[in-house]
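One-based numbering, in listed order, for ligands and for the atoms of each.
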Amino acid sequence: MFGRRPFLEALASTPILSSLGLAAPAAAAVKRDVFKELGVRTFINAAGTYTALTASTMPPEVIAAMQTCWPQYVNLNELQTKVGERLAQLLKCEAAMVTSGAAGALSVGTAGCITGTNRDAIRSLPDLTGLKSEVIMQKSHRFGYDHAVRATGVKIVEIETEAELEAAANPKTAMMLFFNDAEPKGKIDGAGWVRLGKKLGIPSFVDAAADTPPVENLWKYTGMGYDLVAFSGGKGIRGPQSAGLLLGRKDLIEAARLNTSPNGSLTRGMKVNKEEMVGMLVAVERFLKLDHAAERREWDRRADVIRKAAMKVKSVNSEIVVPPIANNVPHLKLKWDPAVIKLTPQEAMKKLREGTPSIEACPMTDREWLAFGVWMMKPGDAEVVARRTVQVLKAAMA
Ligand SMILES: *Cc1c(COP(=O)(O)O)cnc(C)c1O
């Protein structure tokens with residue numbers, strides 16, 4: 001969809017670069033293949049939006065917009081304000097900011113809930129003496145990313161029922177965190193979480209990092225009344241990989257901003273520069289205009305191309321799964337009779353990785369199923385994955 005040609009074209013047509021005489025060296029730099037020089041293999045992404053696999057690539061209009069930022073200076077706080085206002089308008093919420101990923105949004109948002117705009121409190125973090133120091137979560141919602149919340153120094157107070165939540169709430173409670181993907185596992189649902197937050201006067205925060213598509217989720221959770229919402233910028237939205245969105249209440253976004261770059265304090269290290277701010281905005285604009293039904297049809301087609309080819313191999317069975325909340329896109333799963341195809345799914349995954357071209361299957365692959373995520377593939381990739389998968393399976397037949 002966006003190979004090297006559109007990128008170069010975007011680059012060449014960037015007037016600011018040519019006017020500064022930077023176009024030639026920049027274009028020359030693009031011609032270098034630094035991955036190759038370093039011996040780092042690129043691959044077909046048949047996995048999905050996994051950070052360790054660099055998750056997503058940016059569409060050409062996002063790259064082009066970032067490209068216009070590089071050689072120019074702006075006031076970073078002014079840019080964050082303007083980008084935030086535009087994002088808030090587009091996403092129908094009170095306020096917004098660009099963060100360093102969804103994890104960064106969790107940290108800066110929590111810091112904001114603790115300190116408000118109190119400068120002394122901001123300077124004091126992570127020393128929470130005299131400050132709010134607890135975050136309430138449902139026990140079944142605990143997850144790896146709550147470390148981004150705990151990074152501020154707060155302690156997580158686990159509860160299971162509404163009554164337990166009401167009993168746990170106290171003047172030291174900074175915030176109530178909800179992990180959206182875990183909603184079916186908890187006794188309190190999202191609407192209940194928001195209602196209880198309002199009743200108790202505690203900000204409710206939802207981590208919805210991987211929950212686009214559907215696009216409507218970008219305004220659904222603030223619309224429900226969550227005080228803060230975190231999204232990843234570099235997953236389904238395909239903005240800069242190191243960017244994210246924090247959406248919500250104006251006072252809390254202002255407080256979050258005071259806790260992070262360029263304003264100092266604890267989360268100063270979660271820096272976001274002009275390119276990510278502009279890239280994020282343009283990625284959101286693009287995402288809003290996208291024909292999501294057509295995207296979905298294309299993902300279904302890719303899954304089908306691989307499925308149909310693999311099903312022709314003896315004993316292969318398939319399943320197409322669409323996770324209900326996070327990564328709500330088609331994933332293809334294949335299994336086979338190990339007596340016929342003498343290969344475990346993990347071994348097949350390794351063979352695909354080590355083959356040419358290298359293919360990364362989905363880390364959801366387990367002992368029983370070989371899994372593929374098709375949404376981050378480029379045109380033609382599905383056909384290659386289909387062919388290579390058939391080859392790998394057939395080569396292991398008795
Ligand atoms: C991916 C993810 C994150 C982290 O997102 P980044 O944008 O990489 O910081 C946080 N929470 C959940 C639920 C995620 O899926």
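- Looking only at atom types and distance, the side chain of Tyr221 has a donor-acceptor partner in the side chain of Asn180 under 3.5 Å away.
- Atoms of ligand 1 lying under 4.0 Å from at least one heavy atom of Ala210, given by number and element, are 15 (O).
- Heavy-atom contacts from other residues, nucleotides or ligands closer than 6.0 Å to NZ of Lys274 number more than 12.
- Per-residue contacts place Phe179 under 4.0 angstrom from the following atoms of ligand 1 (heavy atoms of the residue considered): 13 (C).
- Residue Phe143 has no N or O atom closer than 3.5 Å to an N or O atom of ligand 1.
- Summary of contacts: the protein heavy atom closest to atom 4 (C) of ligand 1 is Tyr145 CE2, 3.4 Å.
- Within the listing of ligand 1, atoms 4 (C), 5 (O), 6 (P), 9 (O) sit less than 4.0 angstrom from a heavy atom of Ala103.
- Each of the following atoms of ligand 1 lies closer than 4.0 Å to a heavy atom of Ala209: 2 (C), 3 (C), 10 (C), 11 (N), 12 (C), 13 (C), 14 (C), 15 (O).
- Residues Arg123 and Asp120 are paired through a salt bridge, judged by an N-O separation under 4.0 Å between the basic side chain and the carboxylate.
- Remark: among candidates Met270, Gln241, Lys235, the nearest residue to atom 15 (O) of ligand 1 is Lys235, based on non-hydrogen atoms.
- Linking ILVMFWY residues whenever their side-chain heavy atoms come closer than 4.5 Å, directly or via other members, leaves Leu252 and Val98 in distinct clusters.
- When the options Lys235, Met376, Met364 are evaluated for a side-chain contact (heavy atoms from CB on, under 4.5 Å) with Tyr50, the one that passes is Met364.
- The protein heavy atom nearest to atom 11 (N) of ligand 1 is Asp207 OD2, 2.7 Å.
- For the pair Arg286 and Arg238, the minimum side-chain heavy-atom distance is below 4.5 Å.
- Val374 and Val385 end up in the same hydrophobic cluster when Ile, Leu, Val, Met, Phe, Trp and Tyr side chains are linked at under 4.5 Å.
- In this structure, the protein non-hydrogen atom closest to atom 7 (O) of ligand 1 is Ser232 OG, 2.5 Å.
- Each of the following atoms of ligand 1 lies closer than 4.0 Å to a heavy atom of Thr51: 8 (O).
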